[in-house]
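Note sheet for the following structure.
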4 protein chains.
Amino acid sequence: MDTITYRPARDELAYTFGGRMPVAHVRSGDVLRVHTEDCFGGLVRGPADLPSQVCRMPYLNPVSGPFFVEDAEPGDTLAVHLASIVPARDWGVSSTFPHFGALTSTSHTATLQPPLEERVWVYDIDQRAGTVRFHATETDHTVDLPLAPMIGTIGVAPGGFEARSTIVPDSHGGNLDTPELRAGTTLYLGVNVHGAMLALGDGHARQGEGEACGVGVEIATTTTLIIEVIKGVPTVWPRLETDTSIMSVGCARPLEDAYRIAHCDMVGWVGDLTGLEQLDAYQLVSQAGRAPIGNVCDPNYTLLAAVDKLLLPQPQAAYGGMHARLRQHAGGPR
Amino acid sequence: MDTITYRPARDELAYTFGGRMPVAHVRSGDVLRVHTEDCFGGLVRGPADLPSQVCRMPYLNPVSGPFFVEDAEPGDTLAVHLASIVPARDWGVSSTFPHFGALTSTSHTATLQPPLEERVWVYDIDQRAGTVRFHATETDHTVDLPLAPMIGTIGVAPGGFEARSTIVPDSHGGNLDTPELRAGTTLYLGVNVHGAMLALGDGHARQGEGEACGVGVEIATTTTLIIEVIKGVPTVWPRLETDTSIMSVGCARPLEDAYRIAHCDMVGWVGDLTGLEQLDAYQLVSQAGRAPIGNVCDPNYTLLAAVDKLLLPQPQAAYGGMHARLRQHAGGPR
Amino acid sequence: MDTITYRPARDELAYTFGGRMPVAHVRSGDVLRVHTEDCFGGLVRGPADLPSQVCRMPYLNPVSGPFFVEDAEPGDTLAVHLASIVPARDWGVSSTFPHFGALTSTSHTATLQPPLEERVWVYDIDQRAGTVRFHATETDHTVDLPLAPMIGTIGVAPGGFEARSTIVPDSHGGNLDTPELRAGTTLYLGVNVHGAMLALGDGHARQGEGEACGVGVEIATTTTLIIEVIKGVPTVWPRLETDTSIMSVGCARPLEDAYRIAHCDMVGWVGDLTGLEQLDAYQLVSQAGRAPIGNVCDPNYTLLAAVDKLLLPQPQAAYGGMHARLRQHAGGPR
Amino acid sequence: MDTITYRPARDELAYTFGGRMPVAHVRSGDVLRVHTEDCFGGLVRGPADLPSQVCRMPYLNPVSGPFFVEDAEPGDTLAVHLASIVPARDWGVSSTFPHFGALTSTSHTATLQPPLEERVWVYDIDQRAGTVRFHATETDHTVDLPLAPMIGTIGVAPGGFEARSTIVPDSHGGNLDTPELRAGTTLYLGVNVHGAMLALGDGHARQGEGEACGVGVEIATTTTLIIEVIKGVPTVWPRLETDTSIMSVGCARPLEDAYRIAHCDMVGWVGDLTGLEQLDAYQLVSQAGRAPIGNVCDPNYTLLAAVDKLLLPQPQAAYGGMHARLRQHAGGPR
C-alpha cells in the first residue's frame with residue numbers, strides 16, 4: 001500500500017475522459033494525493049478576469065490524471081473513497097458565463113436574447129472558521145456561507161472508444177457537480193477500459209443544488225483518495241455511499257430522465273441489498289427516498305436517488321462492506 | 001377571530017380548483033380546522049381494493065372546500081399557516097396505478113409497453129411512536145419510517161376563468177406534493193378570484209422526494225390552518241416559509257422548467273428582501289440554495305428553490321413578518 | 001339539416017373551453033358558419049398596437065361558441081369537417097410578445113434575461129392571388145407567402161369538470177395551432193360533456209411549423225363547418241383526416257411526449273384500421289410516418305403523427321367513412 | 001479532381017467520430033465513392049438474427065472512414081454533396097431493439113417495465129420499381145412503400161479532443177437520421193480538426209420522421225459524394241441545402257431544444273443571406289418555416305429548420321453558390 005502524490009504541470013492537465021495516456025499507476029489500496037486546478041485553470045483571479053476572455057475553449061475544467069489502476073478491467077467496479085478535500089488557496093471564484101447556466105438561455109436552450117452580463121465574484125475561504133465569504137459586487141453586502149468542499153469532476157474513461165469532454169457528466173462519471181462528493185463519501189464507478197483511467201478536478205468550496213449560475217465557488221484542491229478495485233462486479237451508473245446513505249446518480253436531459261435513471265438504479269440496488277421484490281423496492285424507495293439535485297447547467301443534468309441505510313429492512317452492506325473498510329483505512333468517521 | 005371546523009360529506013368533496021361554490025366563509029385571522037379525505041376518497045383500504053377498480057375517474061384526489069376568504073381579491077396574497085396535520089386513522093395506503101408514476105410509461109410519456117402491476121400497500125401509523133410501518137407484499141420485510149405528515153394538495157382558484165383538476169399543480173397551488181408542506185410552514189398563494197377559494201386535501205403520512213411511484217402514504221387528516229390576507233401584495237408562484245427557510249415553488253414539465261421557475265422567483269425574492277442587485281442575488285442563490293423536489297409524477301412536476309434565512313445578508317422579514325406572527329398565533333415553534 | 005350562422009358580439013367571446021353556457025344548438029349534419037375574431041380580439045391593427053398594451057389578460061385568443069351539439073354524450077366522437085376558412089379582412093397581423101415564443105425565454109422556461117423587443121408585423125392578404133405579403137419592419141424587404149388559411153383553436157369542453165384557457169391545447173383540442181387544420185380536413189374530437197360544447201377561433205392566414213415567434217399571421221375568419229356525432233365511439237386524443245392521410249395529435253411538454261402520444265395513438269389506429277398486430281403496426285408507422293409539428297410555444301406543444309392512406313395495407317375507412325361523406329356534403333374534393 | 005473509391009474490410013469499420021486514423025485522403029473537388037455497411041454490420045439477415053444477440057456492443061452503427069480532407073482546418077466548412085445513394089442489396093432490415101426507440105422506455109427514459117419484444121422485419125427492395133416492400137410478421141399483410149434512400153450517419157471529428165460514438169448526433173453531424181440526407185442534398189459541416197475526418201454509414205432505404213422504433217429500413221449502400229472545403233467560413237451546426245430549400249440541423253434533448261438550436265441558426269442564416277434584421281428574420285421564419293423531424297430515438301434527437309428559397313426576399317446564394325456548383329458537378333438536377 002503506497003501513497004502516490006501527483007501535482008500536474010500546466011501542460012499535463014487533461015480536458016477529456018478517455019483518449020489520454022496515464023500520468024501514473026496506482027494499485028488497490030493505494031492512497032492517492034492529487035493536486036487539482038480550478039475549472040478556469042487558475043486564470044480567473046479577480047473581477048477583471050472574465051472567463052470568456054482569459055480562458056480559451058476547450059481548455060476549461062481541467063482534470064488531473066488519468067491514473068491507471070492496476071488490475072481494473074471492464075466489468076469491474078472502481079471504489080474511490082474521498083478521504084479529504086483541502087482548498088489549496090484562501091480564495092475561490094465564481095462567475096456568470098455567456099449563455100451558460102440554468103437561468104439563462106444557452107447554446108442548447110437557444111434563444112435570440114443576448115447573454116446575461118459576464119461577471120466574476122471572488123470569495124474568501126477561511127478553513128479555520130469553516131466559511132466561504134460572499135461579497136456582492138454592486139452593493140456592500142457580505143455573508144459567510146459554510147465551507148463545504150467537494151469535487152465537481154471525477155470519472156473514468158468511457159467505453160465504446162469514446163473520449164468525452166470534462167464538461168460532460170455521464171455514466172462514466174465526469175462533471176457530476178454534486179455536493180454529495182465530499183470527504184467521507186465513497187464513489188463507485190464501473191470500469192470501461194483496461195486500467196480504468198481515473199481522473200479528477202473542478203473542486204468547489206461549496207455550491208448550491210443545481211449550480212444555478214453554472215459555476216460553483218471554484219477552487220484548486222489537494223484531494224486525498226483511497227482506491228480499490230472490486231473484481232467482477234459491474235456498476236452501470238455511478239453510485240455513492242456515505243456512513244448513513246446509499247445514492248445512485250443519473251445524468252441526462254431532460255432532468256426527469258436523470259431522476260428516472262437514478263431511481264431505477266436505486267430500486268434495483270435496494271432489491272439487491274435487501275431481497276425485496278422489485279415493486280416492493282419501488283414502493284419503499286417512493287416513500288423513503290431523497291432526490292438531491294447535482295447540476296442543472298451542464299450538458300447532462302445530474303440528479304441522485306438517496307436512501308438512508310436505516311430505512312432499509314435488513315440490508316446487506318453494499319459492495320461487501322467496501323465503504324466501511326475504506327472509511328476505516330482513511331481514519332474512520334470524524 | 002374564529003375557529004371554523006369543516007368536515008365534508010362525501011358528496012361535498014371537490015375535484016377542481018375553481019368552478020365551485022364555497023362551502024364556508026373565513027376571515028383573516030381565522031383558524032380553520034378541516035377534515036380531509038385521502039386521495040382515493042377512503043375507498044382503498046386493503047390489498048384487494050385496486051384503485052383503478054374501486055375509484056372512478058375523475059373522482060380522485062378530493063379536496064375539502066373551497067373556503068371563501070373575506071376581503072381576498074385578485075392581486076392580494078393569501079397566507080396559509082399549517083398549524084397541524086393529524087392523521088385521522090391508524091393506517092395509510094399507497095399503490096402503483098396503471099401508467100402513472102415516475103418509473104413507468106404514462107398517458108403522456110406514452111409507450112407501447114403494458115403497465116406495471118397494480119398493487120396496494122397498507123402502512124401502520126403509530127402517532128405516539130412517530131412511525132409509519134412499511135410491509136413488503138411479496139416477502140415478510142417490514143421497516144419503520146419516520147411519520148412526517150404533509151398536505152399534498154392545497155390551493156386557490158386559478159385565474160382566467162379556469163377550473164383545474166385537483167391532480168394538477170400549477171401557479172394556483174394544487175397538487176404540489178412536496179414534503180415541505182408540513183406543520184410549521186406558511187404557504188403564500190396569489191389570489192386570482194374574489195374570495196380566493198382555498199381548498200385542500202391529499203394528506204400523506206410521508207412521501208419520498210419525487211413521489212416516485214405516483215402515490216404517497218395516503219391518509220385522511222384533520223388539518224388546522226390559520227389564514228391571513230396580505231392586501232395589495234401579489235404572489236406569482238406559490239412560496240413557503242418556515243422558521244429557517246424561504247422557498248419558491250415551480251410547477252412545470254420538463255423538470256428543469258420547474259427548476260427555472262422556482263429559482264428565478266427566488267432570485268427576485270432574495271433581491272427584494274436584501275436589496276441585492278439581480279446578478280448578485282443570482283450568485284448568492286447559486287451557492288447557497290437548495291432545490292428540494294416535490295413530485296415527478298403529476299401533470300406538472302414540482303420543484304422548490306430554498307434558501308436558509310441565515311445565509312441571507314441583512315434580510316427584511318418576508319411579507320412583513322407574517323410567518324412569525326402566524327407561528328406565534330399557532331402556539332410558537334415547537 | 002340546417003345552416004346555422006353565428007357572429008359573436010364582442011362580449012360573447014369565450015376565453016375557456018368548458019365553464020360556459022352554449023351560444024347556439026346544432027345537430028348532426030348541420031352546417032355551421034361561424035365568424036371568428038383573431039387572437040388579439042381585433043385590437044392589434046398596426047405597428048403601434050403592441051399586444052401587451054392593447055390586450056388585457058386573460059382576454060386573449062377568443063373563441064366563438066360554445067355550440068351545444070344535440071345527442072353528443074361522453075364516450076361519443078364529434079366529427080367536425082372544415083368546409084372552408086375565409087379570411088374576413090384583407091390584412092393579418094403577427095407580433096413578438098414579451099416572454100412568449102419558441103426562441104425566447106418564457107414564463108416557464110424562465111431566465112433572468114429581459115424579453116425580446118415587442119413588435120408588430122402587418123401582412124397584406126390577397127385572396128385572389130392566394131398570397132400573404134410579408135413586410136420587414138427595419139428594411140424594405142417584402143415577399144409573398146402562399147395564403148394557407150387554418151383554424152388555430154378548436155375544441156370541446158374538457159372532462160373532469162375542468163375549464164381550460166383557450167391558450168392551451170390538450171386532449172380536448174383547444175389551441176392546437178397546426179397548419180393541418182385547413183379546409184378539407186375532418187377533425188375528430190372525443191366528447192367529454194353532454195352537448196360536447198364545440199368552440200373555435202384563432203384563424204391564421206398561415207403559420208410556420210412550430211409557430212416559432214408564438215404568433216401566426218392572425219386573422220378573423222368566416223369558417224364553415226359540418227358537424228356529425230359518431231355515437232358510442234370514443235376518441236382519446238384529437239385525430240384528423242384528409243383525402244390522403246390520417247393524423248393523430250399529441251399535446252404535451254416536453255415535445256417528445258407530444259411525439260409519443262401522437263405516435264402511440266397512430267399505432268393503435270393503424271392496427272384498428274388494418275388488422276395489423278401491434279408491433280407490426282409500430283414497424284409500419286416507423287417507416288411510413290410523417291411527424292408534422294404544430295406549435296412549440298403554447299402551454300402544451302403540439303405534434304402530429306401522420307400516415308398516408310396509400311401506405312396502409314387494406315385499410316378500412318376511418319370512422320366508417322365519415323370523412324368521405326362530410327367531404328361530399330361539403331361539395332367534394334376540389 | 002479524382003474519384004476515390006473505398007470499400008472497408010470488416011475490421012476497418014469505425015465506431016466513433018474522432019480518435020481514429022484516416023483510411024484515405026481526399027481533396028476539394030474529389031468524388032468519393034464509398035461502400036457503407038448497414039447499422040448492424042450486415043449481421044441481421046432474417047427473423048432469427050435478433051440484433052441484441054448477433055451484434056455486440058459497441059460494434060453497432062459502423063461508419064466508413066474517416067477520410068482526411070486536404071486543406072480542411074478548424075474554422076473552415078466542409079461541403080459534402082450527396083450525388084447518389086444506391087442500395088447495395090435487394091433487401092433491407094429493421095427491428096425493435098430492447099429499450100431503444102421512441103415508443104418504449106429506454107436506458108435514459110428509464111422505467112421498471114420489461115422491454116418490448118425484439119423482432120426483425122425484412123424488406124424487399126426493388127430499385128427499378130422504386131419500392132420497399134413491408135411484410136407484416138404476424139399476419140400476411142404487405143405494402144409497398146416508396147424507396148427513398150438516405151444516409152443516416154455522416155459527420156466529422158468533433159472538437160475538444162473528443163471521440164463520439166457513431167450512435168450520437170451532435171454539432172459534428174453523426175447519427176443525424178434525417179430523411180433530408182438524400183441524393184441531391186449538400187451538407188455543410190464545420191471543421192473541428194485538421195483534415196476534418198469525414199466518415200459515413202447507416203444507410204436507410206427509407207425511414208419515417210422520428211424513426212419511431214429506433215431503426216430505419218437499414219441497408220448497405222454505395223454512396224457517391226463530392227467534397228469541397230470552404231476556407232475561413234465556420235459552420236456551428238450542420239446545415240443542408242437542396243435545389244429548393246435551406247435547412248439548419250439541431251441535435252439535443254429535450255426535442256424542443258433541437259427545435260430551438262435549428263431555428264436560432266436558421267434565423268441567423270436567413271439574416272445573413274437576405275440582410276433582414278434579426279427580428280424580421282425571426283418573423284419570416286416563423287411564418288414560412290418548416291420543421292422536419294429527423295430522429296426521436298438517438299442519444300440526441302434531431303430536428304431541422306427549413307425554409308424554401310422562394311420564400312426568401314432577394315437572397316444571396318448560400319456559401320457562395322456552392323450547392324449549385326456541386327449539383328452541376330454531380331450531373332445537375334434530375
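Each chain gets a letter, A, B and so on, in the order its sequence line appears, and its residues count up from 1.
For B:Asp49, the salt bridge (Lys or Arg N to Asp or Glu O under 4.0 Å) test picks out no residue, with sequence neighbours left out. Residues forming a side chain to side chain donor-acceptor pair (under 3.5 Å) with B:His204 (at least two apart in sequence, or on another chain): B:Asp202, B:Gln207, B:Glu218.
The salt bridge (charged side-chain N to carboxylate O under 4.0 Å, His left out) pairs that include a residue from residues 109-127 of chain A are A:Glu117-A:Arg119, A:Arg119-A:Glu138, A:Arg119-B:Glu277, A:Arg119-B:Asp280, where partners are two or more places apart or lie in different chains.
Ion pairing between a basic and an acidic side chain is recognised when a charged N comes within 4.0 Å of a carboxylate O; A:Arg182 and A:Glu180 show such pairing. A salt bridge does not link B:Lys309 to B:Asp243: none of the charged nitrogens lies less than 4.0 Å from a carboxylate oxygen. Salt bridge A:Arg253/B:Glu256: absent, no basic N to carboxylate O contact under 4.0 Å.
The candidate with the highest count of non-hydrogen atom pairs below 4.5 Å against chain B, out of A:Val267, A:Asp308, A:Thr274, is A:Thr274. Most heavy-atom pairs under 4.5 Å with chain A, from the set B:Ala281, B:Ser286, B:Ser95: that is B:Ser286. Ranked by heavy-atom pairs under 4.5 Å with chain B, the list A:Gln287, A:Gln314, A:Gln278, A:Glu209 is led by A:Gln287. The residue among A:Leu145, A:Thr139, A:Leu310 with the most heavy atom pairs within less than 4.5 Å of chain B is A:Leu145. Your options are B:Val132, B:Val143, B:Val217, and the one with the most heavy-atom pairs under 4.5 Å with chain A is B:Val143. The residue among A:Gly214, A:Ala136, A:Gly208 with the most heavy atom pairs within less than 4.5 Å of chain B is A:Gly208.
Of the two parts of B:Asp144, only the backbone, made up of N, CA, C and O, holds a non-hydrogen atom closer than 4.5 Å to a non-hydrogen atom of chain A. Contacts between B:Thr109 and chain A at a heavy-atom distance below 4.5 Å involve the side chain alone, from C-beta outward. Interface residue A:Gln283: backbone and side-chain heavy atoms are both found under 4.5 Å from chain B. Heavy atoms closer than 4.5 Å to chain A are found in the backbone of B:Leu312, but not in its side chain. Heavy atoms of B:Thr142 lying under 4.5 Å from chain A belong exclusively to its backbone. With a threshold of 4.5 angstrom between heavy atoms, B:Val307 does not approach chain A through any atom at all.
Using non-hydrogen atoms only and a strict 4.5 Å limit, the part of residues 292-301 of chain B facing chain A consists of B:Pro292, B:Ile293, B:Val296, B:Tyr301.
The aromatic rings of A:Phe97 and A:Phe100 sit perpendicular to each other, their planes meeting at more than 60°, with 30° as the lower class boundary.
Across every non-hydrogen atom of A:Leu116 and A:Leu103, the tightest pair is CD1-O, 3.8 Å. The two residues B:Ile125 and B:Gly92 make their nearest non-hydrogen contact at CD1-N, 3.8 Å. For the residue pair B:Leu303 and B:Ala258, the shortest heavy atom distance occurs at CB-CB, 3.9 Å.
B:Thr153 and B:Asn175 are linked by a side-chain donor-acceptor pair at a separation below 3.5 angstrom, with hydrogens and angles left out of the test.
The side-chain heavy atoms of A:Val249 and A:Cys251, taken from C-beta on, include a pair separated by under 4.5 Å.
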